[in-house]
Novice: 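Encoded as structure tokens, here's the structure I'll be asking about.
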Protein chains: 2
Amino acid sequence: MGRTDDHDHPGHRSASPGALAHRVPDLGALELLLAVARLGSLGGAAREVGITQPAASSRIRSMERQLGVALVDRSPRGSRLTDAGALVTDWARRIVEAAEAFDAGAQALRDRRDSRLRVAASMTIAEYLLPGWLLALRADRPDTAVSLLAGNSAAVAERLLSGEADVGFVEGLTVPAGLDSAVIAHDRLIVVVAPSHAWARRRRPIGAEELAGTPLILREKGSGTRQVLDAALGGLARPLIELSSTTAVKAAAVGGAGPAVLSELAVGEELAMRRLVRIPVDGIALARDLRAVWPTGHRPTGPARDLLSLTRG
Amino acid sequence: MGRTDDHDHPGHRSASPGALAHRVPDLGALELLLAVARLGSLGGAAREVGITQPAASSRIRSMERQLGVALVDRSPRGSRLTDAGALVTDWARRIVEAAEAFDAGAQALRDRRDSRLRVAASMTIAEYLLPGWLLALRADRPDTAVSLLAGNSAAVAERLLSGEADVGFVEGLTVPAGLDSAVIAHDRLIVVVAPSHAWARRRRPIGAEELAGTPLILREKGSGTRQVLDAALGGLARPLIELSSTTAVKAAAVGGAGPAVLSELAVGEELAMRRLVRIPVDGIALARDLRAVWPTGHRPTGPARDLLSLTRG
DNA sequence: CTCGCGGCATAAGCTGGGGTTATGGGCAGA
DNA sequence: TCTGCCCATAACCCCAGCTTATGCCGCGAG
């Protein structure tokens, strides 16, 4: 209940009810702002994003009104960013970058049929790595249409063997039968804690037994990362809580609930920001290879090879 | 209508003309999608974001049309995400997170006057760290209004000493006179190369002389990171190119132009994705402390103390 | 068996943000 | 002084997205 008067529920909702979209300019406006920053002119930016100068002018102005901050200094000779504008632009860039990754991924998800490069990938890789690769591929070979299918190792193998995919990516301890592979990266599981946790201040690495004896924030049994951890510890991992998404585990760890075990890929940013601290672990192998795979003998060619050369460098 | 000729410019524009906003759903739609994922129901999600059920239904449907992918499986008993939908949702979450950081920052930029906590911070900190802190603070103390002023160390000191700011953050080798400080984090400058670069495969760390002798991608002389590097090398850094923004340096490095020197904060994600590889450096100190500062004797209290406890943990 | 309820879809109508053309005014350099 | 680049304002238009009003479906309770 409690609807029908959803006029504004004054503040019993903790923080931002979810009106995020009303407080953050939309992508078009942010792109425009980046263009203004780069070109130093509203009109020029307008041309670049394909609208007219008055539209750009109005758009920027309404963005300033929305944020309550002057973003650009107009002059008859051009427009430069305010100090605050520069900061806002930097923040905006991160949104736009995330949107570009989204776009690259979504486009691959859509194409399906007539694409020149069909990729099958495991979830972790599809989630964290592929969008970046696709962006890089698009930069090199602008008109390579890519299609993406995400699934577990078995599904990837099946697609490859049935000829429905040109190249696959799996993370796992073993390579499915019938496939050749090349290691393209290493995904380490790492132990992280909030900076407030006692472990953040310890200097010596954690040993395997101590890790096995400590209740941890973990993904649910059966998940890929959990399997690797259990294997490394000999099935001994002791859950403090089990959560069903990487995001939830991250949130719990950041909140200080305890030590968590996560893929390094998932926490790059949190580590850089020191919202999480990595705890070295001694004596057990928490690394798993990320591999490109293809049907035995059918070494990737053409677009697939281009993609691989990006991932390996 | 004004379509003049926006009929579709058949592909002579290299890659993405910039119509990003037309290919990526807007923030409202993405928030709605996250709510659907969390609640398992269109109507429930609608309630959560404060719209009616038909609106949510239509919004999701049009998003599916836009992306060309089915995102949710509807049933008379609720809605669950498709496999593709789960992937899209993960990608969407990153956009929304960036937007939340933007919002937190922008809000602080606006408040100015009547805020209970006035922060002055250097650019690097304001850009990379503060939004995260503000989000955390908002989670803990939902109704603390924060205002932010970004500037160099001198400006931060001035604001503090004139009583216009309650707490400041600076990155630098020295603490401005009249201020007490506490180290809250360490910003390391790191050397990175694209994975394709020869250095990516070397095993031994780089020595100071070799680094000084190699042309590097650098920020322009006078920038904070450049100062630290020059100091560490004794003014010897040899530029391959000088660029005026961290982003440009990153882009050049990712593109393989050569080794770059960057703040660790700026490249967390790129490192995790292996778009850049970190090269260990031997024998020189590229670390600089990030410090919280306040007027001598006026140890932060109230909201300022809350913020500090977040940054130190 | 039949309500009642939660969940989704479709239909019709309204509104406002964002776009367009048209026009005007300032500042610089030829 | 004229010409070019820049920005602002005004008047108009359109569609995306919202709302209210219904209808259909499946399930569990009475």
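The figures that follow rest on heavy atoms only: side chains count, while hydrogens, waters and symmetry mates do not. Residue numbers start from 1 in every chain, and the chains themselves are labelled A, B, ... in the order their sequence lines are given, proteins ahead of strands. Everything numeric in this text was worked out from a predicted model, so none of it was measured.
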Novice: Using whole Å, what does the distance between atom C1' of nucleotide D/dG17 and atom CG of B/L30 come to?
Specialist: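 Value for this atom pair: 15 Å.
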Novice: At under 4.0 Å between heavy atoms, what does A/S75 touch on the DNA or RNA strands: base, sugar-phosphate, or nothing?
Specialist: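 Result for A/S75 = sugar-phosphate.
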Novice: Of all the choices, C/dC8, C/dT20, D/dT20, which nucleotide is nearest to the side chain of B/S41 once you look at every atom?
Specialist: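 For the B/S41 side chain, the nearest candidate turns out to be C/dC8.
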Novice: When you match B/R74 and A/A56 each to their closest nucleotide on DNA chain C, which lands nearer the 5' end?
Specialist: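 The residue mapped nearer the 5' terminus is B/R74.
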Novice: Please state how far atom CG in B/L27 lies from atom C1' in D/dA16, giving the value in whole angstrom units.
Specialist: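 Computing the B/L27:CG to D/dA16:C1' distance gives 16 Å.
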Novice: Which pair of non-hydrogen atoms, one from B/L67 and one from A/A106, has the smallest distance, and what is that distance?
Specialist: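 Distance-wise, the nearest heavy atoms are CD2-CB, 3.9 Å.
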Novice: Rounding to an integer number of Å, can you tell me how far A/R59 CZ sits from D/dA8 P?
Specialist: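 Those two atoms, CZ and P, are 16 Å apart.
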Novice: Give a yes or no on whether a salt bridge exists between B/K250 and B/E270, defined as a side-chain N under 4.0 angstrom from a carboxylate O.
Specialist: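 Looking at B/K250 and B/E270, the cut-off is met.
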Novice: Give the rounded distance in Å between these two atoms: CZ of B/R65 and C1' of D/dC15.
Specialist: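 Spelled out: CZ on B/R65 to C1' on D/dC15 is 12 Å.
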Novice: Kindly say if A/S79 contacts the phosphate of D/dC7, meaning a side-chain N or O under 4.0 Å from OP1 or OP2.
Specialist: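 For D/dC7, OP1 or OP2 has a side-chain N or O of A/S79 closer than 4.0 Å.
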Novice: Which pairs with one or both residues in residues 79-92 of chain B pass side-chain hydrogen bond (donor to acceptor under 3.5 Å, both in side chains), sequence neighbours excluded?
Specialist: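 Output for this query lists B/D90-B/R93.
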Novice: Whether B/E64 and B/R74 form a salt bridge (side-chain N of Lys/Arg under 4.0 Å from carboxylate O of Asp/Glu) is what I want to check.
Specialist: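 Salt bridge flag = yes for B/E64 with B/R74.
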Novice: Just call it for A/D26: base, sugar-phosphate, or nothing, with non-hydrogen atoms closer than 4.0 Å on any strand.
Specialist: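 The residue A/D26 makes sugar-phosphate contact but no base contact.
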Novice: Between atom CD1 in A/I60 and atom P in D/dC6, what is the gap in whole Å?
Specialist: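 One finds 15 Å between P of D/dC6 and CD1 of A/I60, rounded.
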Novice: Can you confirm whether B/I125 sits close enough to B/W133 that some side-chain heavy atom of one is under 4.5 Å from a side-chain heavy atom of the other?
Specialist: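 Answer yes - side chains close enough.
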Novice: How many Å lie between CD1 on A/I51 and P on C/dG17, as a whole number?
Specialist: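 To the nearest whole Å, that distance equals 17 Å.
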Novice: Report yes if a side-chain nitrogen or oxygen of A/R47 is closer than 4.0 Å to either non-bridging phosphate oxygen (OP1 or OP2) of D/dC6; otherwise report no.
Specialist: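 Result: yes.
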Novice: For B/Q53 and for B/S62, locate the closest nucleotide of DNA chain D by heavy-atom distance; then report the residue assigned to the nucleotide nearer the 5' terminus.
Specialist: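 Looking at DNA chain D, the more 5' nearest nucleotide goes with B/S62.
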Novice: Mind calculating the distance between CG (B/D73) and C1' (C/dG7) to the nearest angstrom?
Specialist: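 Spelled out: CG on B/D73 to C1' on C/dG7 is 15 Å.
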Novice: Would you indicate, yes or no, if C/dG6 has its OP1 or OP2 atom less than 4.0 angstrom from a side-chain nitrogen or oxygen of B/R77?
Specialist: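 False: B/R77 side-chain N/O out of range (4.0 Å or more) of C/dG6 OP1/OP2.
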Novice: Using the side-chain heavy atoms of B/P76, tell me which of these nucleotides is nearest: D/dC25, C/dA9, C/dA22.
Specialist: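 Comparing D/dC25, C/dA9, C/dA22 against the side chain of B/P76, the answer is D/dC25.
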Novice: Check the phosphate of C/dA9 against B/S57, side-chain N and O only, distance under 4.0 Å to OP1 or OP2. Yes or no?
Specialist: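 Looking at the OP1 and OP2 atoms of C/dA9, one of them is under 4.0 Å from a side-chain N or O of B/S57.
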Novice: Would you indicate what B/T52 reaches in the nucleic acid, counting non-hydrogen atoms under 4.0 angstrom: base, sugar-phosphate, or nothing?
Specialist: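 Base, at least one base atom sits under 4.0 Å.
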Novice: In whole angstroms, how far is the C1' atom of D/dC6 from the CZ atom of A/R61?
Specialist: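 Rounded to whole Å, this separation is 14 Å.
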